[in-house]
Structure formats: C-alpha cells, structure tokens
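Contents: one structure, followed by commentary.
Remember, it's a predicted structure, so these values are computed and weren't measured experimentally. In each ligand, atom 1 is the first atom listed, and ligand 1 is the first ligand listed. Keep in mind that the numbers below use all heavy atoms, side chains included, and drop hydrogens, waters and symmetry copies.
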Amino acid sequence: MKILASLVLSILSTAPTFVAGAPTTPRYFERAPITRLNLTSAEVQRELGALVSDTTVIFGPEDSRFAVATERWNRFAVPQIQVVIAPGQESDVPTIVKYCNDNSIPFLTINRGHGNPQSLGTFNGVQINMMNLLQITIQPDGKSAWFQGGVYGGLVTKYLWDHGYVTTTGSCDCVGLMGAGLGGGHGRHEGLYGMVSDNIRQLNVVLGNGTAIRVNSTSNSDLLWAMKGAGHNFGIVTSFEMNIFPRGPDTWHYHNYVWRGDKLEALFTALNAFHNNGSTPVNMTANFGNFFMNTTITPDEPVIWWTFAYRGSAADAERLLAPFNAIGSVYEESGDVPYPGISHAQQTGLEDFICIPGNIRITSTAGLQVYNVTAERQIFEGFKRRVRKEPELAAGTAILHEGYSTAAVGTFDSASSAYPFRADHHLMLFDAIVPPNNKKLEKAAWKWADEVRELWNKGQPGRPVDAYVNYANGFEPLEQIYGQEPWRLQRLRALKRKYDPQNRFRYYNPIVKGD
Ligand SMILES: Cc1cc2nc3c(=O)[nH]c(=O)nc-3n(C[C@H](O)[C@H](O)[C@H](O)COP(=O)(O)OP(=O)(O)OC[C@H]3O[C@@H](n4cnc5c(N)ncnc54)[C@H](O)[C@@H]3O)c2cc1C
Ligand SMILES: *[C@@H]1O[C@H](CO)[C@@H](O)[C@H](O)[C@H]1NC(C)=O
Ligand SMILES: *[C@@H]1O[C@H](CO)[C@@H](O)[C@H](O)[C@H]1NC(C)=O
Ligand SMILES: *[C@@H]1O[C@H](CO)[C@@H](O)[C@H](O)[C@H]1NC(C)=O
Ligand SMILES: *[C@@H]1O[C@H](CO)[C@@H](O)[C@H](O)[C@H]1NC(C)=O
Ligand SMILES: *[C@@H]1O[C@H](CO)[C@@H](O)[C@H](O)[C@H]1NC(C)=O
Ligand SMILES: *[C@@H]1O[C@H](CO)[C@@H](O)[C@H](O)[C@H]1NC(C)=O
Ligand SMILES: *[C@@H]1O[C@H](CO)[C@@H](O)[C@H](O)[C@H]1NC(C)=O
C-alpha cells in the first residue's frame, strides 16, 4: 500500500466541558484545547485496527471506496470526512467511539447519506459508516424484528415482504431506516401503523462516551422518548427492534397523472375533499405531487405530476380515484404491483431520480393540515415567473407535496414521543438543484425557497410554522423543528445534559449548538 496522505483532523474545541470523572486519558495524543491533530488513515488503521474485529473497514480518501462512502444526496453543506470507519460488528462501535474521543476526533454516523441540514457542513472528522450492519432477524412470534443500524427502506421492504411481513419505513427505498426513523419517519404504512418511530420497541445505543446501553420502556425509558423524534442528537443506534405486520394484499395499485396548470384549482379542491382534513382512506396510503418542468409537455410552465398508491385492488382504488380521473390529464399510467414494487411505480425507487445523490440542493419545508388553493396558485405562478426569468433555476426545481393516510399517526399521544407534528397531515418540500460555483443562482434559489415556504405558511393563518426535522434545512429556529410547546425543548435539553453532556452529537439539527 502506498504511503497515505497526512490528514488534518480538527480537534474538539469543547475541551473545557471535559470534566473530571471521565476515566480515559488520551491514548496516542495529548488532549489540548484549540489545537489541531493530524492523523493519517494508515495510523488509524494501525492503531484502531488492532482493537476492532477484522470485519471492520478503515480507509481514507486515497481508497477507491471513499467516494461512494462519502457521497451526499445534497452537496450544499457537506461534512468534511478524513477517514471512513465501517464497523463490521456492533460491538466495534463503542471501541471506535472511545478511540475517537481519546484522540479528540469528532465522529459522525452515516446511514445512507440523505441528511439535509446545513449543520452537517460544520463537521470535520471521522465517519462511522453503518453500511456493513445490515442484518434483519424476524422474531419467532412474527410480531417484531431486530434490525441493525445500517438497514434502509428498500432492503427492509423487500426482505420482510419475501418473508410475509411489512413494517413502517420511509417512502424512498434509498433512505436509511434509522436516518428517517430517529426523526419520526413518514411512509406508506403510517395510516395503518403509525410512523417509523411509533413502531420502535427498543434500541441498542452507543452514547457519546462510548458506553453501550439498551433503550426501551424499562431501561433508559426517558431516552426512548427522545429517540423517537430527536434521536440523531443522542447516540449511535447499532440495532433496534421494531414491530412488523402481516404483509396484507398481494398487490398495490398505483395511478400517476400529469396535469397542466389550468387544472390546479380543480385538483387541490379534489385533494382537500379526498383527504378531508386528516381523514384519508387508510388504504390510500400515500399520494405525492410535484410541480416541475417537463419541456416535452410544455416549455412555458411547470406541470403538475401526481402519484397515488393504494393498498389493494385496482377496482377499489379507482372508485376512490374517480374525482381525479374526472380532471382531464395530459398523461396517466396505472398498474398493480407487489408492495416492494410500489416505490419505483411512484418514482421513489433506488434508481429513480429523487434518490440520485451528488447535487447541490436548496430546500425549504412546511407542514400543513389542508391545502390552501390560493397559496398553491401563488406558488405555481411564482414558478412560472422563474421559467421566464431564471430558466436554469426553474429547470432543476421540484415543489413536492405529500399526502399520507394518517389515521394511526393520530392515535398516538402527541406527548408520548419527541415527534411533535401529529397534527400536520401534509408534508411539503421545495427542492432546487443549482449548479456548482454559481452563487447568483444559489441566492435566487434561497429567495425562492423562502418565498414558497412563506406562501405555504401564510396559507394557514393561525397554525404554527413547522419544519419536520428530516426535511429541515437547519436555518429554522429550533422550536419549528422540535416543536413549539416549550416543554419539548426543555425536556430534550435536560436529556442532552444527562446522556450527551459533551455534545458529541451536534451535527444534525443540533438541540445544543456546538463549536
Ligand atoms: C430522496 C429522499 C427521500 C426521503 N424520503 C423520506 C420519507 O419517505 N420519509 C421520511 O420520513 N423522510 C424522508 N426523507 C428524509 C430523510 O428521513 C432524512 O434525509 C434522513 O436523515 C436520511 O437518512 P439517511 O440514513 O439516508 O441519511 P444519513 O445522512 O446517513 O443520516 C442522517 C443522520 O441520521 C443520523 N443517523 C443515521 N443513522 C444512524 C444510526 N444508525 N444511529 C444514529 N444516528 C444515525 C446521523 O445523525 C446522520 O447525520 C427523504 C430524504 C431524501 C433525500
Ligand atoms: C503534525 O502536524 C505538526 C504541526 O501541524 C507537524 O509539525 C508534524 O510534523 C505533523 N506530524 C505528522 C506525522 O505529519
Ligand atoms: C429492556 O432491556 C432490558 C435490558 O436488556 C431487558 O432486561 C428488558 O426486558 C427490556 N424491557 C423490555 C420491555 O423489552
Ligand atoms: C382540521 O382539523 C383540525 C382538528 O383536527 C381543526 O382544528 C381545523 O380547524 C380543521 N381545519 C379545517 C380547514 O377544517
Ligand atoms: C383496507 O384493506 C384491508 C385489506 O387489506 C381491508 O380489510 C380493510 O377493510 C380496508 N380498509 C378500508 C377502510 O377500506
Ligand atoms: C415528460 O413527459 C413525457 C411525455 O409525457 C414523458 O415521456 C417523459 O417521461 C416526461 N419526463 C419526465 C422527466 O417526467
Ligand atoms: C389561504 O391563503 C390565502 C393567501 O395567503 C389567505 O389569505 C387565506 O386566509 C387562506 N385561507 C385559509 C382558509 O386559510
Ligand atoms: C457515559 O455516559 C453515561 C450518560 O451520561 C453515563 O451514565 C455513564 O456513566 C458514562 N460512562 C462512562 C464510562 O463514563
């Protein structure tokens, strides 16, 4: 192996909070406040490699695997990664964390790399990549399964389906189950079973000091509350137990439509009637809609693309979809597929555009109860203005509307977990792709992102402004991310003092802002 380049790692500047009682002394380097530490991936391999199982992989930028391991869905605020460590065994994770702490090296857990918040850009250190922790173990009673911390939507869906089960995951196959679930986790089964976080029974967590603990209703139960909605702030989940369910109908029906802008009022009026303010038919699991450019259809304005997924037969689905079939579309397609195929049918499969990493994306989000038709028209007209004035920006922009069936989400007591937004029935995302090194366009994209967010929120006067933690861009106030009720952040901050007093987990919409 050739000589590896020297890598500069930034030292934790939180040294003053490193108090007596912490038993470890630096093993390889002096700990010193506000200084720099250089460590090559070869040194990490030699030193840490001797302490962990031989299935653990350690490499730096010179390795051919580095580019894939550090690829981001959003390149707007990328974490600086010096060394990648992919634990081969769950029991390696405490060792890795202690090694990082002994050497004052920040660490960041990566599941599937879709994390969006700008706070990720403040990170510089070692990546703990969960890619090799993919085991799934269905329990003998068929009511739950254990999952290792690296599993992701598509993998879980396919594995469970093949064994006769389903569970709650995100809707995009590419997204990590923990990445999404620690913040709540919206997906196609939430109307029936609640959010991902609602189905977590227990977790094996490695705390910031490297101590491994069990978190469940009898062991560290206060932390269980926090892991269900604000979990990214508290630890590394090496594995977790979740409810699973009989898989249900053999096929799901999908129906995708493209409408022109003149149908916007008819469509959103029909959607509001259909959803009836949180009363969506439970088997009409998820519908998503995008405003985006399709110049084959028209170069003058965005189109409105919409997709519905029904858990059951085409006949039952189409009865419910009659109001949408009555709105003249310019394109439609429909079909029936086993559940693992529904992601691709709705363009959220592993190979579909939404899952493709490597773009700079400017985003904003909102949580709604019902659609405001006036606001949607304003947003659509704002898009048309960009088509005329900033066509390059318009070409890369999608304005996403999500409408899940939510019945079961509302059956969980709002105070029972850190997930704060059970009254929001619709999740919105503005998502503009901008080319690299184009500050002018980036600025225009931010202006647009803020405008759309404001229009969504102005369209629901009297309701709180919410930013789902997993869609937040991280510039929102913490109350908008973790909930407006003051007790929520108070409780989260108290749990931070208890479980992560050194604030090691401060890169994903941090509750306690770090250095
Ligand atoms: C294309 C796309 C589709 C999406 N679809 C959905 C959806 O359907 N439903 C939904 O709710 N959200 C969705 N999201 C948002 C998604 O929940 C977040 O982006 C989430 O953070 C992604 O997780 P990840 O594992 O892919 O990303 P990562 O960047 O790897 O992880 C995000 C953060 O989670 C933490 N983390 C990850 N794994 C662990 C672990 N094992 N232990 C401790 N901490 C961990 C880390 O802090 C990390 O920074 C989507 C996002 C994108 C980009
Ligand atoms: C580490 O950095 C210091 C100063 O930044 C330098 O003097 C030293 O030679 C470096 N050590 C190695 C092994 O690169
Ligand atoms: C919680 O975890 C502890 C320790 O592993 C275990 O003894 C206990 O049975 C678990 N409780 C529940 C409710 O699963
Ligand atoms: C939607 O339902 C909530 C109660 O869940 C109610 O407060 C709100 O006013 C309703 N909104 C509309 C537009 O009917
Ligand atoms: C949803 O689908 C299941 C069958 O998979 C069925 O038993 C149930 O009645 C359906 N619910 C409604 C409200 O249609
Ligand atoms: C645009 O529309 C055309 C014609 O309906 C279709 O074939 C094509 O797939 C669409 N492109 C995108 C990106 O949706
Ligand atoms: C819809 O949005 C418009 C524009 O912001 C606003 O004036 C109106 O009050 C909203 N309607 C409702 C029912 O909230
Ligand atoms: C690690 O942190 C937890 C929570 O703060 C604490 O209970 C535990 O004693 C710590 N372990 C060590 C070895 O310091």
Practice task
Answer yes or no: does an N/O atom from L120 fall short of 3.5 Å to an N/O atom of ligand 1?
Solution key: no
Handout entry: Any F234 heavy atom less than 4.0 Å from ligand 1
Key = no
Handout entry: Ring centres under 6.0 angstrom apart (F123, Y507)
Key = yes
Practice task
Please determine if V237 has a nitrogen or oxygen closer than 3.5 Å to a nitrogen or oxygen of ligand 1.
Solution key: yes
Exercise for the section: Tell me, please: is P249 in heavy-atom contact with ligand 5, that is, under 4.0 Å? Expected result: yes
Problem - Verify atom 11 (N) of ligand 5: protein non-hydrogen atom under 4.0 angstrom away - result: yes
Exercise for the section: Return yes when the gap between the SG atoms of C355 and C172 is under 2.5 Å; return no otherwise. Expected result: no
Practice task
Verify the ring-centre separation between Y468 and F421: is it less than 6.0 angstrom?
Solution key: no
Handout entry: Winner among R188, E402, R112 once heavy atoms are compared against atom 24 (P) of ligand 1
Key = R112
Practice task
Give a yes/no verdict on whether any heavy atom in G183 is under 4.0 Å from an atom of ligand 1.
Solution key: no
Exercise for the section: Without swapping roles, check the side chain of T56 against the backbone of G88 for a donor-acceptor pair under 3.5 Å. Expected result: yes
Exercise for the section: Spell out, as yes or no, whether a donor-acceptor pair under 3.5 Å connects the side chain of N283 to the backbone of G312. Expected result: no
Practice task
Considering heavy atoms of the protein only, find what lies nearest to atom 28 (P) of ligand 1 and give residue, atom and distance to 0.1 Å.
Solution key: G113 N, 3.3 Å
Handout entry: Per-residue contact class, I297 against ligand 6 - non-hydrogen pairs under 4.0 Å
Key = side chain
Practice task
Verify whether the ring centers belonging to H425 and Y404 lie closer than 6.0 Å.
Solution key: no
Problem - Closest protein heavy atom (residue, atom, distance) for atom 43 (C) of ligand 1 - result: G235 O, 3.1 Å
Practice task
Identify, for atom 29 (O) of ligand 1, the protein heavy atom at the shortest distance, and state residue, atom and that distance.
Solution key: G115 N, 2.9 Å
Fill in the blank from the handout: If you scan protein heavy atoms around atom 19 (O) of ligand 1, the nearest is H114 O, 3.1 Å
Handout entry: Y254 and Y310 aromatic centres sub-6.0 Å
Key = no
Handout entry: Parallel, tilted or perpendicular, as decided by the 30° and 60° cut-offs, for the rings of H189 and Y193
Key = parallel
Problem - R386 (side chain) donor-acceptor with F383 (main chain) under 3.5 angstrom - result: no
Problem - Test item: K98 side-chain N/O and V93 main-chain N/O as donor-acceptor pair under 3.5 Å - result: no
Practice task
Would you kindly specify which portion of F240 sits under 4.0 Å from ligand 1, judged on non-hydrogen atoms: side chain, backbone, both or neither?
Solution key: neither
Exercise for the section: For atom 50 (C) of ligand 1, grab the closest protein heavy atom and report residue, atom and distance to one decimal in Å. Expected result: V175 CG2, 3.6 Å
Handout entry: Within the 6.0 Å centroid threshold, strictly below: H255 and W306
Key = no
Fill in the blank from the handout: A student checking ligand 1 against G170 at a 4.0 Å heavy-atom cut-off should list atoms 7 (C), 8 (O), 9 (N)
Exercise for the section: Check each atom of ligand 1 against the heavy atoms of I110 and keep those under 4.0 Å away; list them by number with element. Expected result: 30 (O)
Practice task
Look at the aromatic rings of F475 and W446 and report parallel, tilted or perpendicular, splitting at 30° and 60°.
Solution key: perpendicular
Problem - atom 4 (C) of ligand 5 [closest protein heavy-atom partner, distance rounded to 0.1 Å] - result: R311 NH1, 4.1 Å
Practice task
Using a strict cut-off of 4.0 Å, indicate which atoms of ligand 1 neighbour a heavy atom of S171.
Solution key: 7 (C), 8 (O)
Practice task
Tell me which protein heavy atom sits closest to atom 13 (C) of ligand 5, plus the residue, atom name and distance to 0.1 Å.
Solution key: V282 CG1, 3.9 Å
Practice task
Would you mind listing which atoms of ligand 1 come within a distance below 4.0 Å of any non-hydrogen atom of G176?
Solution key: 24 (P), 25 (O), 26 (O)
Handout entry: Within-cut-off N or O pair, Y471 and ligand 1, under 3.5 Å
Key = no
Practice task
Return the option from H232, M178, H186 holding the heavy atom at the smallest distance from atom 9 (N) of ligand 1.
Solution key: H186
Problem - Atoms in ligand 1 flagged as close to I236, the criterion being non-hydrogen separation under 4.0 Å - result: 42 (N), 43 (C)
Problem - atom 23 (O) of ligand 1: nearest protein contact (heavy atom, Å) - result: G179 CA, 3.3 Å
Problem - Top protein contact for atom 44 (N) of ligand 1, by heavy-atom distance - result: L182 CD1, 3.4 Å
Fill in the blank from the handout: Of all protein heavy atoms, the one nearest atom 37 (C) of ligand 1 is N111 CB, 3.5 Å
Handout entry: I354 near ligand 1 by a heavy-atom separation under 4.0 Å
Key = yes
Exercise for the section: State whether the side chain of T365 and the backbone N or O of M428 hold a donor-acceptor pair below 3.5 Å, judged by distance alone. Expected result: yes
Handout entry: Side chain N74, main chain R361, donor-acceptor under 3.5 Å
Key = yes
Handout entry: ligand 1 N/O within reach of L108 N/O, cut-off under 3.5 Å
Key = no
Practice task
Have a look at ligand 1 and work out which part of Y468, if any, has a heavy atom under 4.0 Å from it: side chain, backbone, both or neither.
Solution key: side chain
Completion exercise
The atoms of ligand 5 lying under 4.0 Å from a heavy atom of N283, numbered in the order shown, are 1 (C), 2 (O), 3 (C), 8 (C), 10 (C), 11 (N), 12 (C), 14 (O)
Problem - F147/F240 aromatic ring centres below 6.0 Å - result: yes
Exercise for the section: Please answer whether the main-chain N or O of I327 pairs with a side-chain N or O of W259 as donor and acceptor at a distance below 3.5 Å. Expected result: yes
Problem - Numbering as shown, the atoms of ligand 6 that approach N294 to under 4.0 Å (heavy-atom distance) - result: 1 (C), 2 (O), 3 (C), 8 (C), 10 (C), 11 (N), 12 (C), 14 (O)
Exercise for the section: Indicate whether atom 2 (O) of ligand 5 is within a distance of less than 4.0 angstrom of some protein heavy atom. Expected result: yes
Practice task
Please state whether R72 comes within less than 4.0 angstrom of ligand 1, counting heavy atoms only.
Solution key: yes
Problem - Sub-6.0 Å ring centroid separation between F412 and Y419 - result: no
Exercise for the section: Assess the side chains of D431 and T363: does a donor N or O sit below 3.5 Å from an acceptor N or O? Expected result: no
